[in-house]
Colleague: 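Once you've had a glance at the structure underneath, I'll fire off some questions.
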Amino acid sequence: MNRTEIGETNTTPYRSPLQAHLDRTLTDCTKCHICVGECAFLEKYGTPATIAEELAGSGDKVLLRAFECSLCGLCANLCPKGIDPGGLFLEMRREAVDRGLGTFDEHKPLLAYEKLGTSRRFTFYGLPEGCSTVFFPGCGLAGSRPAAVKQIFDALRKADPKTGIVLDCCTKPSDSLGRERHARAMLEEMMAYLVGHGVKEILVACANCHNMLNAPDHGPAVKTVYEALADNGTPMTGDLRGTVVVHDPCVARNLEPAHEAVRGLLRRLGLTVEEMKHSGRETLCCGQGGGVNLLSPELAENWGLMRKKEAGGRRMVTYCAGCVNALGSHSATSHVADLVFEPEKALEGKVKAARAPFTYLNRLRLKKTYSRMEGFAATRERNFTPGEAGPARRPWKLAVFVIVLAAAIISVHASGAMHYLQQDRLRALISGYGGLAPAIYMLIYALAPVLFLPGLPITIVGGILFGPFWGVVYTIVGSTVGATLAFLTARYAAREWVLKKLSGPKWERLDRETARHGWKAVAVARLIPAFPFNLVNYAFGLTKVPLTHYVATTFICMLPACIAFIVFSSSLLDLVRGSVSPAALIGVGLIVLVSLIPLFYKRFKSRKTGEAPGE
């Protein structure tokens, strides 16, 4: 059941959250453009009222636009009418998920990160006898700065030896991505355990965790650990000299006690704190809010560049590990914990925070440290998953695959076909058909993109049958013809059908990039496969890129991968038979080089835009 039927009149007293936001926006938004002037997302799609009008009129396509909003909340704090556009966009995300539309491949790494964070392997709860306060460091600080977590916990236990530790994830990613039911169920289970063990206060190191754990009706009071450090008199050197600016995380824009505590800690260190144009209640997003950086990196980039300009060369200090990572690529940025516990090194930019995959190892080490610590009266590893419907696991699929594969091998040996699996004999057999064999092969490859058939298996067959030279020739010709046929189909024969398939921010981004850069956008899409190959052929047919530019760029930019896989597969049968040939080694090397193209491109782009590497 949908959260509301968009555009229909609601005759019952109850209005869904989405309908309530929609009605309020349509009624009260005057299109004053105050929020638009501060937000690239609203500059792109219009005022909240404009978006609400389009949502009421169309639906699905407009719903997906909400995933490009960072959900930072600045618009609500700026609105003279008290409207909450961010709340509307979050409800749009939830509606999209309810309709089965809000699933993007780009979000999978973030959700997998969260799933690990709530798993039995990564979680640990340690509560001393009589514990009423727990420290909840969250995922980011624990992974990037495990030493700081230990130092903070030690300082808290010095003030109150009954302070407990909770290593877990607040499920903010799920909540931001519209998976409201999952996030709520996970939080309710966590809170039931803590309340059941007498916990009355949670100290968090992350503003996202504060907002999630501080939801109504959950029980314990929540405040940032920086307030606790400021209150309990954590020792400070007080002899630093310098000027810093504070970046308040966007989710902390209304946490004024945290704003004051962080600035107080910095002043106690001897630092001068200056304010940027946007701070406190009107702070900016770092660019990673709501996962917008995964779908619309150009919008995320906009936030970082604004912050860099406002910092004006001064070191930024923030109290969110994610913000440090995002802003560190634009300007010198430190976590407040770095300055509290390693002040001199932090001020000189010499504190090196861990990055993936070491962040995962750090979290496991932290868990090992605290699971061995004595003095906890209650401990647990979390082992809870909400009972949401999902794809059923079928462990028998692997067994069936193995049985079928074994049967095929036995059949090949029994029938004598193994005789033809020798490379030379197989190619001699194919050459007996003259030009018919390559013609049929190229025809199959030409039809594959149009029919959405996978190209890699066909490429491997081409290398086996025709060898490294002619295999490349026939494969690149066939694949280019197939990509061209799909392009022409979308442009002249099936435009409406293709438009229905290509909804969502990433396809709109491809359209904009192609309009702006022409054949260069085609080159990037071919060399850096962020989009499904077969579908992107149709997508380019809807753009204004000239056919000749598309065909030439497609041919040239598909050639490196084609050569790599053909060279490798040309010796694949020998490899299966236990013989490693020079061609196989060269092929593996070429595949590795092709796989590194996205990394080289990212570094080139960073240098071109003048970004500094993150700390």
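Note that the structure is a prediction, hence the values are computed from the model and not measured. Because only heavy atoms are used, hydrogens play no part in the values below, and waters and symmetry mates are left out as well, while side chains stay in.
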Colleague: Is there a side-chain contact between K81 and C29 (heavy atoms, below 4.5 Å)?
Modeller: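 No, too far: nothing below the 4.5 Å cut-off.
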
Colleague: Evaluate the side-chain proximity of K223 to P257: yes if any heavy-atom separation is below 4.5 Å, no if none is.
Modeller: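 No, side chains not in contact.
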
Colleague: Partners of T47 by side-chain hydrogen bond (donor to acceptor under 3.5 Å, both in side chains), sequence neighbours excluded?
Modeller: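 Expected list: T50.
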
Colleague: Evaluate the criterion salt bridge (charged side-chain N to carboxylate O under 4.0 Å, His left out) for residue pair K108 and D105; output intermediate values, then yes/no.
Modeller: CA-CA 5 Å; K108 288 181 179 179; D105 288 341; 3.2 Å; yes

Colleague: Compare every heavy atom of F376 with every heavy atom of T379, then report the nearest pair and how far apart it is.
Modeller: CG2-CB, 3.6 Å

Colleague: Using side-chain hydrogen bond (donor to acceptor under 3.5 Å, both in side chains) as the criterion, list what pairs up with R314, not counting sequence neighbours.
Modeller: E274

Colleague: Roughly how far, to the nearest 0.5 Å, is the SG atom of C169 from the CE atom of M212?
Modeller: 8.5 Å

Colleague: Just to verify, what does T224 make a side-chain hydrogen bond (donor to acceptor under 3.5 Å, both in side chains) with, not counting sequence neighbours?
Modeller: E227

Colleague: Applying side chain to side chain contact (heavy atoms under 4.5 Å, CB included) to L88 and R24, what does each step give before you reach the verdict?
Modeller: CA-CA 9 Å; L88 169 64; R24 174 77 190 281; over 6 Å; no

Colleague: Is the shortest side-chain heavy-atom distance between E91 and D84 below 4.5 Å?
Modeller: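 With C-beta onward as the side chain, the pair stays apart.
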
Colleague: Check for a donor-acceptor pair, side chain of T118 on one end and backbone N or O of K115 on the other, with a separation under 3.5 Å.
Modeller: yes

Colleague: Using 0.5 Å steps for rounding, measure from the CG atom of L42 to the SG atom of C69.
Modeller: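 One finds 7.0 Å between CG of L42 and SG of C69.
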
Colleague: With side chain to side chain contact (heavy atoms under 4.5 Å, CB included) as the test, would you mind laying out the steps for V340 and Q151 before giving the verdict?
Modeller: CA-CA 10 Å; V340 170; Q151 290 167 312; over 6 Å; no

Colleague: Going by ring-ring contact (aromatic ring centres under 6.0 Å, His included), name the residues that satisfy it together with Y370, two or more places apart in sequence or in a different chain.
Modeller: F153

Colleague: Calculate, to the nearest 0.5 Å, the distance between atoms CG and CZ belonging to L101 and F67 respectively.
Modeller: 8.5 Å

Colleague: Looking only at heavy atoms, what is the nearest atom pair of L229 and R268, with distance?
Modeller: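 Looks like O-NH1, 4.0 Å.
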
Colleague: Of all residues at least two apart in sequence or in a different chain, which pass the side chain to side chain contact (heavy atoms under 4.5 Å, CB included) check with L90?
Modeller: L71, R94

Colleague: Under the rule for side chain to side chain contact (heavy atoms under 4.5 Å, CB included), what residues qualify as partners of E342, not counting sequence neighbours?
Modeller: K345, V351

Colleague: When rounded to the nearest 0.5 angstrom, what is the spacing between CD in E282 and CD in E275?
Modeller: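 CD of E275 is found 12.0 Å from CD of E282.
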
Colleague: CG of L63 to CZ of R99: how many Å apart, nearest 0.5 Å?
Modeller: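 Rounded to the nearest 0.5 Å, the CG-CZ separation comes to 5.0 Å.
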
Colleague: Taking the side chain as every heavy atom from C-beta outward, state whether V324 and D338 have any atom pair closer than 4.5 Å.
Modeller: no

Colleague: Would you check, one step at a time, whether the test side chain to side chain contact (heavy atoms under 4.5 Å, CB included) holds for M276 with L284?
Modeller: CA-CA 10 Å; M276 293 183 282; L284 300 178; over 6 Å; no

Colleague: State, to 0.1 Å, how close H107 and G291 come at their nearest heavy-atom pair, and which atoms those are.
Modeller: NE2-O, 4.3 Å

Colleague: Quick one: side chain to side chain contact (heavy atoms under 4.5 Å, CB included) partners of A354, sequence neighbours excluded?
Modeller: F358, T359, N362

Colleague: If you define the side chain from C-beta out and look only at heavy atoms, does anything of E114 sit under 4.5 Å from R179?
Modeller: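 Yes. Closest side-chain heavy atoms under 4.5 Å.
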
Colleague: Show me the side-chain donor-acceptor pairs of residues 190-210 shorter than 3.5 Å, one per line, residues at least two apart or across chains.
Modeller:
residue	atom	partner	partner atom	Å
H197	ND1	Y193	O	2.9
E201	OE1	T133	OG1	3.2
H210	NE2	V222	O	3.3

Colleague: Would you call I152 and L141 a side-chain contact if the rule is heavy atoms closer than 4.5 Å?
Modeller: yes

Colleague: Could you report the tightest heavy-atom contact between S176 and R93, atom names first, then the distance?
Modeller: O-NH1, 2.7 Å

Colleague: Side chains of Q19 and D23: any donor to acceptor distance under 3.5 Å?
Modeller: yes

Colleague: Do any pairs count as a salt bridge (charged side-chain N to carboxylate O under 4.0 Å, His left out) and have a residue in residues 374-384, sequence neighbours left out, and if so which ones?
Modeller: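 Found R120-E381, D168-R382, E189-R380, E189-R382, K367-E381.
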
Colleague: About how many Å separate CG of D175 and OG1 of T171, when rounded to the nearest 0.5 Å?
Modeller: 6.5 Å

Colleague: When you compare the side chain of E95 with that of S16, does any pair of heavy atoms fall below 4.5 Å?
Modeller: no

Colleague: Restricting to ring-ring contact (aromatic ring centres under 6.0 Å, His included), what partner residues turn up for F41, sequence neighbours left out?
Modeller: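 So F41 forms a ring-ring contact (aromatic ring centres under 6.0 Å, His included) with Y45, F89.
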
Colleague: Is a donor on one side and an acceptor on the other found under 3.5 Å between the side chain of S296 and the backbone of V292?
Modeller: no

Colleague: Does some side-chain heavy atom of C75 sit less than 4.5 Å from a side-chain heavy atom of P48?
Modeller: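 When only atoms from C-beta onward are counted, C75 and P48 do not touch, as no gap falls below 4.5 Å.
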
Colleague: Test S174 against L111 for side chain to side chain contact (heavy atoms under 4.5 Å, CB included), laying out the working first.
Modeller: CA-CA 7 Å; S174 279; L111 293 174; 3.9 Å; yes

Colleague: By side chain to side chain contact (heavy atoms under 4.5 Å, CB included), which residues pair with R121, not counting sequence neighbours?
Modeller: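 If we apply the side chain to side chain contact (heavy atoms under 4.5 Å, CB included) test to R121, skipping adjacent residues, the hits are S119, L364.
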
Colleague: Please report the closest heavy-atom contact between A326 and S329, naming both atoms and the distance.
Modeller: O-OG, 3.0 Å

Colleague: For residues 245-255, which residue pairs qualify under side chain to side chain donor-acceptor pair (under 3.5 Å), counting only residues two or more places apart or in two chains?
Modeller: N77-N254, H247-R307, D248-R263, D248-Y319, N254-R281

Colleague: In terms of relative ring orientation, are Y226 and H335 parallel, tilted or perpendicular, with 30° and 60° separating the classes?
Modeller: tilted

Colleague: Between G290 and L177, what is the shortest heavy-atom contact and its length?
Modeller: O-CD2, 3.9 Å

